[in-house]
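The model shown is predicted, which means the values in this text are computed figures rather than measured ones.
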Amino acid sequence: MAEMTSRELVRRTLRFEPTPRLPRNLWTLPWAESHYPDELAAIRRDFPEDFEFPQIRYPMPDCVTGDPYTPGIYVDEWGCTFVNIQAGAIGEVKQPLIEDYDRDLDRLRPPDAWLRVDHSPVAAACEKTDRFTVSPICFRFFERMQFLRGTENLYVDLIEQPAGLRRMCDRIHEWNLGMIDRWAATPVDAILGMDDWGSQRSLLIRPALWREFFKPYYRECVARIKAAGKSCFFHSDGWIMDIYEDLIEIGVDAVNSQIFCMDIEEIGRRFKGRITFWGEVDRQHILTSPDPQDTRRAVRRAAAALYDGHGGVIAQCEFGMGARPENVRAMFEEWDRVGAEYAAGRQA
């Protein structure tokens, strides 16, 4: 098969069509940048990225202070205060902004100025690249609700469903839709959503509650994205087997999920060829292993379950805390071999 651009490579993958190799995407945390700068530079050189996330300079509200990846206090653009004890990672909210809905909800100040920013520079960035372009800003509900309300409070709210909960979520949703509309008016290929929905073994809430409360919000976001002719990419950590079918139903094109938390073979039997698996390789045990062969075996297992040479898989992992550069390299090498084997089989 003739050489094709990164953009067409990803598009064909999303359409479940044959490609000469799998698309590549590497996520990094500042920890990797500071601990393995030379190795990371070599990986990026040897395995060129097929994705690009065009950047926009958003004005920072007065409330923003600190650095999200530095030990200490960081206040984000919504006014949520994070406490961080580990360099290179993001901290946690210990004191929620909204402790009482009646008293505090009026204090909620989404960064609405971001919705008025001129996004025309994105067009120039997309014009200059042949990579597949994705919005760097993502729509999210569950995590933003946790940041604003506090995780324990939110779980109680989801059971008791006070009126303030819905009002808070509607405010978040309104902002999400506004940001989707801004990026949908640019030439990016895809718009990103994210919420970490899984623990190690199950969904964090009952699937029925997820469908009743959250799915309608996601459905409207994805519908807005698809109406603009864009693909929808979605990230969620943990065990999310129970909502794959829902993500497919509402039109998500690619999901970044921790497939090694689940039964990969069952995922393949039920969902292969219906949604693109945008990685990833287990970053808890495999990418931290002292033996790169563990990574190669993991890739082969995922390939056997999810890949048949007709798209549907993106070679992706996160180079984060504890990961070894030799394993990240092995991941890309092995997926390249898998792609080459299927391409050779088609040519034979």
[X] and [Y]: side-chain donor and acceptor closer than 3.5 Å?
X	Y	answer
T19	Y342	no
Q200	Q284	yes
S289	D294	yes
E52	T129	yes
H173	D170	no
Q95	T81	no
D196	H235	yes

Could you check whether atom [atom1] of [X] has more than 12 heavy atoms from other residues, nucleotides or ligands sitting under 6.0 Å from it?
X	atom1	value
D62	CG	no
R269	CZ	yes
E174	CD	no
R103	CZ	yes

Quiz item: For W239, which residues count as a ring pair (Phe, Tyr, Trp, His ring centres under 6.0 Å) partner, sequence neighbours excluded?
Solution: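 Ring pair (Phe, Tyr, Trp, His ring centres under 6.0 Å) check on W239 returns nothing, list empty.
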Self-check item: Residues which pass ring pair (Phe, Tyr, Trp, His ring centres under 6.0 Å) with W335, listed by chain and number, not counting sequence neighbours
Solution: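 Here no residue qualifies.
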Less than 4.0 angstrom from a charged side-chain N to a carboxylate O is my criterion; do [X] and [Y] meet it?
X	Y	result
E341	R337	no
E333	R296	yes
R301	D282	no
D237	R283	yes
E8	R15	yes
R219	E249	yes
E245	R274	yes

Could you pull out the closest heavy-atom pair between [X] and [Y], with the gap in Å?
X	Y	answer
C126	R7	O-NH2, 3.7 Å
A184	K230	O-CE, 3.4 Å
D189	R131	OD2-O, 4.0 Å
P96	L148	CB-O, 3.5 Å

Quiz item: With hydrophobic residues grouped by side-chain heavy-atom distances under 4.5 Å, do F82 and M60 end up in a single group?
Solution: yes
Assess the pair [X] and [Y]: is the distance between their ring centroids shorter than 6.0 Å?
X	Y	answer
F141	Y218	yes
Y74	Y69	no
Y217	F139	no
F142	W197	yes
W278	F233	yes

Between [X] (side chain) and [Y] (backbone), is there a donor-acceptor pair under 3.5 Å?
X	Y	value
E212	W210	no
R24	P48	yes
D100	D104	no
S6	F132	no
R182	V117	yes
E49	L26	yes

Practice problem: May I ask you to decide if the ring planes of W175 and W114 are parallel, tilted or perpendicular, using 30° and 60° as cut-offs? | Solution: tilted
Using 0.5 Å steps for rounding, measure from the [atom1] atom of [X] to the [atom2] atom of [Y].
X	Y	atom1	atom2	result
W183	I180	CH2	CD1	13.0 Å
M241	I259	CE	CD1	10.5 Å
T13	D253	OG1	CG	12.0 Å

Pairs under 3.5 angstrom only: tabulate donor-acceptor contacts from the side chains of residues 310-317 to other protein residues two or more places apart or in another chain.
| residue | atom | partner | partner atom | Å |
| --- | --- | --- | --- | --- |
| H310 | ND1 | D308 | O | 3.3 |
| Q316 | OE1 | N256 | ND2 | 2.9 |

